[in-house]
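Report on the following structure.
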Amino acid sequence: MAPTAVLHLRSEDKHLEHRSALTPTTAKALIDAGYTVNVEKSPVRIFDDDEFTKIGATLVPTGSWRDAPADHIIVGLKELPEETFPLKHVHVQFAHCYKGQGGWDTVLARFPRGGGTLLDLEFLQDPASGRRVAAFGYSAGFSGAALALKTWAWQLTNPGKPLPGVESYPNEDALVSDVKADIAAGQAKNGGKPPRVIVIGALGRCGRGAVDMVKKAGVSDDNIVKWDMAETAKGGPFKEITDSDIFVNCIYLTSQIPHFVNRESLKDADRKLSVVCDVSADTTNPFNPVPIYTVATTFDNPTVPVDGVENPPVSVISIDHLPSLLPRESSEAFSGDLLPYLLKLNDWQNDPVWAGAKKLFDEKVGTLPASALKE
């Protein structure tokens with residue numbers, strides 16, 4: 001039987017979020033397979049509306065997912081706007097409410113209150129390997145490392161001033177070229193010395209992206225410290241972090257571990273560390289191994305200072321949608337990886353990957369306090 005499911009791609013609401021869960025390429029593959037794909041008009045999506053109409057998708061008004069028939073599947077990327085009405089649809093998205101984040105219960109409770117379902121993209125796993133089937137990790141690490149390098153250079157060329165807002169780049173080459181120019185200016189103020197960068201989680205997708213960015217920016221391999229589980233097994237805090245100029249945290253945290261760096265370790269008299277990019281950006285996660293900040297940052301305000309830390313000051317980057325710095329390329333890569341599973345949405349209840357996401361949703365709903373389920 002040909003697929004009959006209707007997929008509704010919503011326009012993203014998050015400020016400066018230009019990525020898309022479906023691209024014209026993947027939308028066409030879904031339409032060719034028999035799906036109906038409705039695409040909300042979007043003034044912010046990196047793909048123009050007419051790129052979708054040319055491949056046979058139907059344009060619908062921005063925000064119309066709220067009134068779409070209950071059997072339509074709503075596809076998006078980032079969390080929904082902070083509203084309270086119950087949710088009646090199946091939603092495919094990142095919701096950031098399964099790890100005890102601030103306000104998790106309010107976000108999650110909207111689904112059972114309306115009879116809806118959350119199929120969280122962060123937890124789509126191959127049941128055989130336990131690995132995620134699609135992730136923005138590489139793009140997040142790449143973009144996070146780019147902003148960390150820019151911040152290091154900015155601190156040297158504009159002491160005492162925070163890094164100004166940044167916007168998305170049209171392609172990777174433009175970003176790398178910009179970062180290279182920044183590093184050259186920073187090195188000129190640093191006696192010709194390049195930054196020393198430590199990447200933790202270097203063997204994962206996110207870490208590989210961070211390391212690749214640092215290399216493409218011209219930092220030599222002997223100035224890149226690449227750590228993963230073996231190196232962190234002894235437990236931190238780690239002096240190797242404070243001995244580096246830049247720390248890029250790329251681990252995927254699922255349980256409590258010793259701090260990698262904390263306020264006490266920042267008191268090291270020999271500290272060189274001045275930039276931290278926490279790519280995971282789990283700002284409110286009680287298990288955060290980088291407990292030196294409490295504020296999520298944005299592309300408008302990319303950094304936050306660690307209060308009371310000087311000589312040198314420390315700037316933290318904690319943007320939770322870093323891949324939007326390269327929205328077209330990151331969207332194409334993610335949506336392409338996700339496509340084999342999107343093609344199974346017509347019978348998602350019987351597909352092991354989607355059914356696993358539903359099982360996790362039911363388990364998390366079972367932990368909600370009764371008060372959160374009240375209208």
Start with the C-alpha distance between T58 and F52, add both sets of side-chain angles, then the distance that settles side chain to side chain contact (heavy atoms under 4.5 Å, CB included), and finish with yes or no.
CA-CA 8 Å; T58 301; F52 284 99; over 6 Å; no

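- The main-chain N or O of D245 is never found under 3.5 Å from a side-chain atom of W152 such that the two would form a donor-acceptor pair.
- Remark: L87 CG to L108 CG distance equals 10.0 Å, nearest 0.5 Å.
- We find that D362 and K358 are joined by a salt bridge, their nearest charged nitrogen and carboxylate oxygen being less than 4.0 Å apart.
- A donor-acceptor contact shorter than 3.5 Å is absent between the side chain of S177 and the backbone of D173.
- Screening residues 97-117 for ring-ring contact (aromatic ring centres under 6.0 Å, His included), with sequence neighbours left out, gives H91-F111, Y98-F123.
- Side-chain contact annotation: S220 with D222, donor-acceptor N/O pair under 3.5 Å present.
- Ionic pairing of K364 and E122 is not present here: no N-O contact between side-chain nitrogen and carboxylate oxygen is shorter than 4.0 angstrom.
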Apply ring pair (Phe, Tyr, Trp, His ring centres under 6.0 Å) to H321 and F299, showing your working.
CA-CA 9 Å; H321 60 133; F299 286 123; 4.9 Å; yes

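- Between the side chains of S139 and E329, no donor-acceptor pair is found at a separation under 3.5 Å.
- Looking at N346 and Y35, their side chains never bring a donor and an acceptor atom within 3.5 Å of each other.
- A salt bridge links D320 with K14; the closest basic N to acidic carboxylate O contact falls under 4.0 Å.
- Taking hydrophobic clusters as Ile, Leu, Val, Met, Phe, Trp and Tyr residues chained together by side-chain heavy-atom distances below 4.5 Å, W354 shares a cluster with F334.
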I'd like to know whether L163 forms a side chain to side chain contact (heavy atoms under 4.5 Å, CB included) with S315, so could you lay out the CA-CA distance, the side-chain angles of the two residues, the decisive distance to 0.1 Å, and finally the verdict.
CA-CA 9 Å; L163 181 71; S315 297; over 6 Å; no

Evaluate the side chain to side chain donor-acceptor pair (under 3.5 Å) criterion for residues D307 and Y293: first the C-alpha distance (whole Å), next the side-chain angles of each, then the deciding distance (0.1 Å), finally the verdict.
CA-CA 8 Å; D307 294 335; Y293 72 101; over 6 Å; no

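- Looking at K216 and E172, a side-chain N of the basic residue comes within less than 4.0 Å of a carboxylate O on the acidic one, giving a salt bridge.
- With salt bridges taken as basic N to acidic carboxylate O contacts below 4.0 Å, none links D126 and R132.
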Tell me, with the steps shown, if W348 and Y341 meet ring pair (Phe, Tyr, Trp, His ring centres under 6.0 Å).
CA-CA 9 Å; W348 66 264; Y341 308 94; over 10 Å; no

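- A donor-acceptor pair under 3.5 Å is absent between the side-chain atoms of Q125 and the main chain of G356, judged by distance alone.
- Taking the ring centre of F85 as origin, the terminal cationic atom of R66 falls outside the region bounded by 6.0 Å and 45° from the ring axis.
- The pair K226-E240 does not meet the salt-bridge criterion, since no charged nitrogen lies less than 4.0 angstrom from a carboxylate oxygen.
- In this structure a side-chain-to-backbone donor-acceptor pair under 3.5 Å is present from R328 to I46.
- Evaluation of the side chain to side chain donor-acceptor pair (under 3.5 Å) rule for R110 yields no partner, not counting sequence neighbours.
- Residue F94 holds its CZ atom at 7.0 Å from NZ of K78, rounded to the nearest 0.5 Å.
- The hydrophobic cluster containing F247 does not contain L147, counting ILVMFWY residues as joined when their side-chain heavy atoms lie under 4.5 angstrom apart, directly or transitively.
- Listed for the S330 side chain is a donor-acceptor partner under 3.5 Å among the backbone atoms of P323.
- When hydrophobic clusters are built by joining Ile, Leu, Val, Met, Phe, Trp and Tyr residues whose side-chain heavy atoms come closer than 4.5 Å, directly or via intermediates, V179 is grouped together with I224.
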